[in-house]
Structures are given as C-alpha cells and as structure tokens.
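Let me begin by presenting the structure, written as structure tokens, before commenting on it.
When a ligand or atom number is given, it counts from 1 through the structure's own listing order. Just so you know, these numbers come straight off a predicted model, no measurement behind them. When reading the values below, keep in mind they use all heavy atoms of this one structure, side chains included, and skip hydrogens, waters and symmetry mates.
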Amino acid sequence: MKKATMHFDKYLAVGQVDKRIFGSFVEHLGRCVYEGIYQPGQETADEAGIRQDVLKLIRDLEVPIVRYPGGNFVSGFHWEDSVGPKELRPRRIDPAWMVIETNEFGLHEFMDWTKKANTEPMMAVNLGTRGIEDAKNLVEYCNVPGGSYYSDLRKKNGAEDPFHIKLWCLGNEMDGPWQMGHKTAEEYGRLAAETGRMMKWVDPSIELVACGSSFSSIPTFASWESTVLDLSYDTTDYISMHQYYNNFEDNTADFLASNNDMDRFIRQVISTCDFVKAKKKSKKSINISFDEWNVWYHSSEQDKKIPKWSVHPHQLEDVYNFEDLLLVGSMLITLLNHSDRVKIACLAQLVNVIAPIMTSDKSAWKQTIYYPYLYASTLGRGTVLLNRTEVETYESKYGDAPYVDNTIVMNEEARTLTIFAVNKHFTEDIEFTADLRQFEGITPGQHIELHHEDFKIANTEEDPDAVKPSFKQDITVEGGKLSVPLKHKSFNVITLNY
Ligand code: AHR
C-alpha cells in the first residue's frame, strides 16, 4: 500500500482556529431565503415562516456566522425597504440577478432567524449605488440603544434592544465590472476608508472587512488589495477573498488540485497585506476574511434560461457530486492550515443557492458537500499544528498536487487530536501514519469516512443518502505510531483521545 507520513509537533502551532472560518452566507438570491430558510405555510414552518427542517440541518452544522444580505444583491439594496410593516414594503427590481425582491423577509426577520439558527450576523453595506450616509444610518439602526431617529425606528419596528452587529462588510466585490457601482481601487479605497471611519464613530466596537479581489485571476489582483489597504489601513480589520472552482473541463485530477491554487492565493494576499503593513510601518496586521468560497458551475446553463424579473426562481442551484465533496474537504483543510491569518470564511451559500442544503416544498436534504463542512465545523475547533506530510504527488494544472491533503487540530480542552485527510488517488488506498509519542496514553477515537467509486454521484430528493458517511473501526495506535487506511477517493476524519 502507498504511504503518507505526517510529521508534526505539539509545540509548533500554526494558529488557533477562529470558529468564524466555519461561517456561511445567505444572500437574497434565488431560493436561498424564500423557499430556503423562510417559507410561510410550509408544513415544518413556524409562526414566523421559518422552516424547521432546514433549521435543524443548519443547527447541526454549528454555523458561527452568516454573511447577509449579499453578495451582488447588496450593491443595489435599500435596507430601509426591508423594515417596518410587511404590507408597506416595496417590491423592487434587483438588477444584480435580474429578479424581483419582495422584501417580505428583511432585517428583523433575519436577526430573529440568526437566534433560532444559533448563529451571528455578518452584515454587508451597499457601497455600490449608495455610500457613507446609508451605512452610518444602518449601524445606528442596528447598534445604537435608542434616543436617535434610526435607533427609535428600530424600536418602533419591534426590536427594543439593539442588534449589536459586530462584523460588517464594506460592500461586495467592488473590483468586479459586473458589480452595480463598480469602482477603481482608488475610488473604492477612499470610500471604504471614509465609510468605515463613520461606521466606527457610530459604534467603535465593530470590525470591518474591506473588499479584496473577486477571484485570483482577475487582472487587478493584487494591486487592488495594495491600493485599497494603502487608502483604508487604519479603519480596515480584514481584507476579503472570494474564490469558486469548477470542473467545466471534466478533468477530475486537475479539479481536485484546485486547493493548490487556493493556497497560493491566500499566501499572496498575506504577502500583500504585509507589504502594506511594512510600507506603513504599522504594528497592526490585516487578516483574511475568505467570505465566499465553494465549487460553482453545475447550474450555469440552467441559469441562462431564467426569465427576467422572476420572483425567487431556481437560481445557482448546483447539484453537488462526490468529487465536489472531496474538493470542498481539501479547501477546508487549506483554510485550517492558514488559521494564523484566515480568521473568517464563509461557504457560499447556505441553502439552495450553491449550497450544502437543498429544499423542495416537501423536504430538505444534505448535498454531498454538507459532510466535510459538518465535520470540519463540529470537530475542527482548537489549535492547528504545523504539519508536513511525505506523500507522492501528481502533476496538475495547479502544479504538483499531493495525493493526500491533511491537517491536524489539537483541542486541549477536550484532549483530542482530529486529523482531516483527503485521498485523491483514483485507485489506490494509502496508509496514513504519524508519530504520536508526544501524547502519552493516546487512544483511537473514531474514523469517519466518505468514499464512493463514482465521482459524479449526487444526493437528490429521491435518493438523499446516495453519499453518506461510514463509521470505521480501523485506527491503530501501536508503540505510539498511528496507522489508518485512507481509501482511494475519500474524505476522512480521524479522531484520537489523549
Ligand atoms: O455567491 C454568489 C455570488 O458570487 C455573489 O453574489 C457574489 O458576491 C459572487 O460573485
């Protein structure tokens, strides 16, 4: 059997996992909100229209933050449309996605939902068609206790206590020519700085994410980051990264190596942040909010057929297969291995729209990518240890790719080690080994495996368990040496107790 040997040291940490890297994203887009999290009258919906079947799947994921309300949508959004009596809220066109937004579900409904979902909001402001004044008003509406126009309006609309929203995005993908109110780096950098300054005057406790590049191959990367940070360094806390991968070429080996590119992208953004830090002789470091990441391409042909100005149509409804599960697993491993600088990340999105959860009027089910997200979020909390793995590589369009991607998380409170490992080999199982002698008395925990021979198999409403985890009893620890078989084409979670 081929071998992968991991070397690590319990005293050498990459960093503490910030739980916010297991965040997600709810955009007013397609059926993410409507028919996704919210569907009044649906058989599981509560009195507020929140679907309990979907809520259960979300709560199981332990999603710590949810970015809202967009996305491209936010760049034309008037947040005032989404508060107050529902019957008075306007129906608006959304030119980002060429649909109608009814505003039936708005800010208060979202904040109530976050409580039910055990999560926290990550709110985006519109820096496309709007600016400083509206962003300031929104922070006042959400976070000022009372005694001013907007804070009193919030109370009048039913929320006596402030929402205390801590994390804010300064617009969305402002580098992208597709964005409403698209800007140059100079225009956006100045606007982000001035908007951020004003927002922090209203509430100094908030944290701000400035827009980085929309994807790594956009021509303005990384001069965009450099200019934006140069102009907004004092007020900005995080720079965003967005990246989606596809397998349009139907080359699974290349596709599974996409996280090599994600790793390179993260390293280059860190270098750019640190370049600006050096230039400014600043003590402050800018960290990363990777607030949109996923596989996205399956739905592209379908989306071209949607009539203009539809009301929450089936948009971006990618049906994920088994190879997507493997790449999402590898992307999570890459994020964890950068836990020193990646402090926030959002799997885009949460329900129906390029999402781990799908719904029909009757049921809700787990897409394949639900599983790596579930296990990383629930078992990947603690300290990521520096690790290097000796393993064969293969050539890919993203350079040499290891057959095994892995990371190791030590949780000192629970006294556990959790290893996440993906075996990308098409045919060969690989024996994964590591020296565990630093952990006296360590014993095997569980081995959760997701394996399938068919890369293209997907979970559907009719067959929701086509891909599901197996629970194995095949971890051995002998003489302080870990050995566990990683099946070809598999995502693995290996836990140990010490
Ligand atoms: O997540 C879907 C879209 O992808 C978002 O609206 C946008 O920010 C990105 O281009």
Side-chain angles (χ1 to χ4, degrees), residues 23-34 36-37 63 65-77 92-99 101 110 122-129 167-183 188 192 209-221 224 228 238-246 248 258 262 265 288-300 302-304 306 312-320 324 328 331 344-358 367 369 373:
S24 191
F25 179 26
V26 165
E27 177 166 5
H28 279 258
L29 162 55
R31 300 189 308 128
C32 187
V33 171
Y34 305 104
I37 62 177
V63 184
I65 52 163
V66 175
R67 186 164 171 254
Y68 178 83
N72 296 338
F73 168 79
V74 80
S75 295
F77 181 50
R92 298 270 193 200
I93 58 163
D94 165 19
W97 298 105
M98 299 290 172
V99 294
E101 171 55 52
F110 176 71
M122 177 186 192
M123 192 62 65
V125 299
N126 174 356
L127 291 191
T129 61
L167 192 56
W168 295 79
C169 302
L170 295 163
N172 177 69
E173 294 188 349
M174 299 311 304
D175 61 328
W178 60 87
Q179 200 68 215
M180 290 181 275
H182 162 56
K183 291 173 177 51
Y188 173 70
V209 183
C211 293
S213 293
S214 299
F215 50 92
S216 68
S217 58
I218 197 165
T220 44
F221 174 68
W224 171 275
V228 166
Y238 306 91
I239 190 90
S240 76
M241 292 179 68
H242 290 183
Q243 187 68 47
Y244 297 96
Y245 292 102
N246 66 67
F248 278 123
S258 303
M262 185 191 206
F265 188 22
I288 291 171
S289 171
F290 210 131
D291 45 47
E292 284 187 38
W293 68 271
N294 203 345
V295 172
W296 173 13
Y297 76 104
H298 296 284
S299 58
S300 59
Q302 192 58 31
D303 285 345
K304 290 181 192 149
I306 295 169
H312 43 80
H314 289 244
Q315 263 173 320
L316 277 63
E317 297 206 358
D318 276 39
V319 174
Y320 289 113
D324 300 327
V328 164
M331 290 171 88
I344 300 164
C346 303
L347 176 69
Q349 299 190 7
L350 189 53
V351 188
N352 288 328
V353 173
I354 46 173
I357 299 167
M358 290 292 280
Q367 293 236 56
I369 63 168
Y373 182 34

Indicate yes or no: does an N/O atom of Glu173 lie under 3.5 Å from an N/O atom of ligand 1? yes
Tyr244 to ligand 1: N or O pair under 3.5 Å? yes
When rounded to the nearest 0.5 Å, the distance separating OG of Ser258 from CZ of Phe265 is 13.5 Å
Can you check whether Cys32 reaches Asn352 side chain to side chain, under 4.5 Å on heavy atoms? no
Would you check whether Ile354 reaches within less than 4.0 Å of ligand 1, judged by its heavy atoms? yes
Which heavy atom of Glu27 sits nearest a heavy atom of Gly70, and at what distance? CG-CA, 3.7 Å
For ligand 1, is Phe73 a contact, meaning one of its heavy atoms is under 4.0 Å away? no
Protein contact to atom 6 (O) of ligand 1 [nearest heavy atom, distance to 0.1 Å]: Glu27 OE1, 2.6 Å
Does Trp224 use its side chain to pair, donor to acceptor, with the backbone of Cys211 at less than 3.5 Å? yes
Considering the options Asn294, Asp291, Asp175, which one meets the side-chain hydrogen bond (donor to acceptor under 3.5 Å, both in side chains) requirement together with His242? Asp291
Establish, yes or no, whether a centroid distance under 6.0 Å links the rings of Tyr68 and His28. yes
Please check: side-chain N/O of Tyr244 versus main-chain N/O of Ala348, any donor-acceptor pairing under 3.5 Å? no
Could you tell me the residue and atom name of the protein heavy atom closest to atom 2 (C) of ligand 1, and the distance to it rounded to 0.1 Å? Gln349 NE2, 3.5 Å
Regarding ligand 1, does Trp296 bring an N or O atom to under 3.5 Å of one of the ligand's N or O atoms? no
Residue Gly71 vicinity, atoms of ligand 1 by number, heavy atom under 4.0 Å: 5 (C), 6 (O), 8 (O)
Checking the side chain of Ser289 only, and the main-chain atoms of Ser240 only, is there a donor and an acceptor separated by less than 3.5 Å? no
Between Asp94 and Ala96, is there a donor-acceptor pair closer than 3.5 Å when you use the side chain of the first and the backbone of the second? yes
Backbone, side chain, both or neither: what part of Trp97 comes under 4.0 angstrom of ligand 1, heavy atoms only? side chain
What are the atoms of ligand 1, with element, lying closer than 4.0 Å to any heavy atom of Asn172? 7 (C), 8 (O)
At a 4.0 Å threshold, what atoms of ligand 1 neighbour a non-hydrogen atom of Phe25? 1 (O)
Distance from atom 8 (O) of ligand 1 to nearest protein heavy atom, with residue and atom: Glu292 OE2, 2.7 Å
Would you say Trp178 and ligand 1 have an N/O pair spaced under 3.5 Å apart? no
